[in-house]
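For the numbers below, each heavy atom of this structure counts, side chains included, while hydrogens, waters and symmetry mates do not. Per chain, numbering begins at 1; letters A, B, ... match sequence-line order.
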2 protein chains.
Amino acid sequence: MARSPTTTDAFTAIAEPRRRELLGALAGDRYARSGGRTGGPERDVSWLIEELGWPQPQVSKHLGVLRKVGLVTVVRKGKRRMYSLNGEQLRPVYDWVKTYERFWDHQLQRIKERAERMQRESKPAHRPSTPT
Amino acid sequence: MARSPTTTDAFTAIAEPRRRELLGALAGDRYARSGGRTGGPERDVSWLIEELGWPQPQVSKHLGVLRKVGLVTVVRKGKRRMYSLNGEQLRPVYDWVKTYERFWDHQLQRIKERAERMQRESKPAHRPSTPT
DNA sequence: TTGACATATGCCTGTATAGGAATATATTCC
DNA sequence: GGAATATATTCCTATACAGGCATATGTCAA
């Protein structure tokens with residue numbers, strides 16, 4: 001068997017650095033947030049080509065992969081195609097990696113647990129309870 | 001050019017579902033947390049083989065990839081090799097995906113912002129301030 | 001219709017798998 | 001040393017890119 005196709009899911013799609021870069025551009029990294037419905041602002045392919053400085057086919061192909069896994073959505077607008085980020089598909093990645101949080105940041109974990117405990121018990125402040 | 005090698009970084013390594021599964025086993029999913037230094041408990045390859053039900057070479061090979069990107073660490077113990085999860089390498093993935101949080105859960109984002117604001121200003125409760 | 005512009009798709013090549021089977025290496029015990 | 005155990009590595013094959021280049025498709029304007 002070969003490697004899973006890049007169009008399998010978000011995990012495989014974002015494995016490619018260029019595609020993460022592309023998503024970053026679509027997210028509006030270092031640009032003013034402007035419009036966009038669910039995700040980032042709408043950008044046409046020409047804008048992305050200019051922004052990323054890649055050959056046009058490369059941009060289109062990467063967009064194709066991202067489209068297939070639902071990480072971006074398109075709407076036609078005349079001869080332009082407006083792409084926007086669909087963050088919803090990144091959620092599985094987030095959820096997965098989040099379950100490992102305790103393996104890299106024990107400090108953070110403790111803080112969160114305390115916060116959650118406080119919220120559950122609705123007790124106002126830090127009473128030195130059973131330490132972890 | 002071909003696809004980036006799976007041993008490039010955590011992003012490429014976790015693109016493979018089996019490797020995520022393997023990490024899950026090492027993390028101690030549905031098992032009692034027992035020992036382990038920085039990451040999860042130490043498990044030898046035989047345990048993983050039994051747990052996952054995969055052919056031994058497959059387990060070893062996937063472990064090899066995970067080892068190369070630092071997602072797992074090994075120590076020899078007699079003829080056994082004890083593997084443990086090294087969550088630190090998952091952090092870049094977490095950090096990256098986290099920057100897109102606002103694109104999938106606006107509700108959560110607002111809650112967090114409010115919480116952070118409250119904590120910064122150390123003001124006790126919801127005073128209807130400048131809405132976002 | 002014709003041409004210009006915007007974007008997608010096809011073709012080609014080198015590279016890199018993932019899995020299966022067989023084998024090599026390392027370590028312990030007798 | 002030799003057998004048994006634990007794990008890694010090699011070889012093989014089918015698959016799948018990612019990028020470069022050429023070309024097709026779709027849309028608007030004159």
Asks: Round to a whole Å and report the spacing from CG of Asp44(A) to C1' of dC28(D).
Replies: 15 Å

Asks: To the nearest Å, how far apart are Leu22(A) CG and dG19(D) P?
Replies: 11 Å

Asks: Taking CZ from Arg19(A) and C1' from dG19(D), how many angstroms apart are they, rounded to a whole number?
Replies: 12 Å

Asks: Could you tell me which non-hydrogen atom of Glu16(B) sits nearest to which non-hydrogen atom of Ser4(A), and how far apart they are?
Replies: OE1-OG, 3.9 Å

Asks: Report the distance from atom OH of Tyr100(B) to atom OH of Tyr94(A), rounding to the nearest 0.5 Å.
Replies: 15.0 Å

Asks: Would you compute the distance between atom CE of Met82(A) and atom CZ of Arg43(A) and round it to the nearest 0.5 angstrom?
Replies: 8.5 Å

Asks: Please figure out whether Met1(B) or Val65(B) has its closest DNA chain C nucleotide nearer the 5' end.
Replies: Met1(B)

Asks: Between Val59(A) and Pro5(B), which is nearer to the 5' end of DNA chain C once each is assigned its nearest nucleotide?
Replies: Val59(A)

Asks: Please state how far atom NZ in Lys79(A) lies from atom C1' in dA30(D), giving the value in whole angstrom units.
Replies: 12 Å

Asks: Look at Arg3(A) and dA14(D) and indicate whether a side-chain polar atom (N or O) is within less than 4.0 Å of OP1 or OP2.
Replies: no

Asks: Starting at the 5' end of DNA chain D and moving along, which residue's nearest nucleotide shows up first, Gly78(A) or Ser4(A)?
Replies: Ser4(A)

Asks: May I ask you to say what Pro57(A) touches in the nucleic acid, namely base, sugar-phosphate or nothing, with a heavy-atom cut-off under 4.0 Å?
Replies: base

Asks: Starting from P on dA18(D), measure out to CD1 on Ile14(A) and report it in whole angstrom.
Replies: 14 Å

Asks: Distance check: side-chain N/O of Gln58(A) vs OP1/OP2 of dG20(D), anything under 4.0 Å?
Replies: yes

Asks: Whole angstroms only, please: what is the NE2-P distance between His62(A) and dG20(D)?
Replies: 9 Å

Asks: If you assign Ser60(B) and Arg76(A) each to the DNA chain D nucleotide with the nearest heavy atom, which residue ends up on the more 5' nucleotide?
Replies: Ser60(B)

Asks: What about Val65(A) and Val97(B), same hydrophobic cluster or not, with Ile/Leu/Val/Met/Phe/Trp/Tyr joined at side-chain heavy-atom distances under 4.5 Å?
Replies: no

Asks: Need one value for Glu16(B): base, sugar-phosphate or nothing, where a base atom within 4.0 Å counts as base even if backbone is also close, heavy atoms only.
Replies: sugar-phosphate

Asks: Between Leu22(B) and Trp54(B), which heavy-atom pair has the shortest distance, and what is it?
Replies: CD1-CZ3, 4.1 Å

Asks: Separation of Arg80(A) atom CZ from dT27(D) atom P, in whole Å?
Replies: 14 Å

Asks: I need the minimum non-hydrogen distance between Thr7(A) and Thr12(A), along with the two atoms involved.
Replies: N-OG1, 4.2 Å

Asks: Is there a path from Val45(A) to Leu66(A) through hydrophobic residues (I, L, V, M, F, W, Y) whose side chains come within less than 4.5 Å of each other?
Replies: yes

Asks: Of all nucleotides in DNA chain C with an atom under 4.0 Å from a non-hydrogen atom of chain B, which is the first and which the last going 5' to 3'?
Replies: dG14(C) to dT28(C)

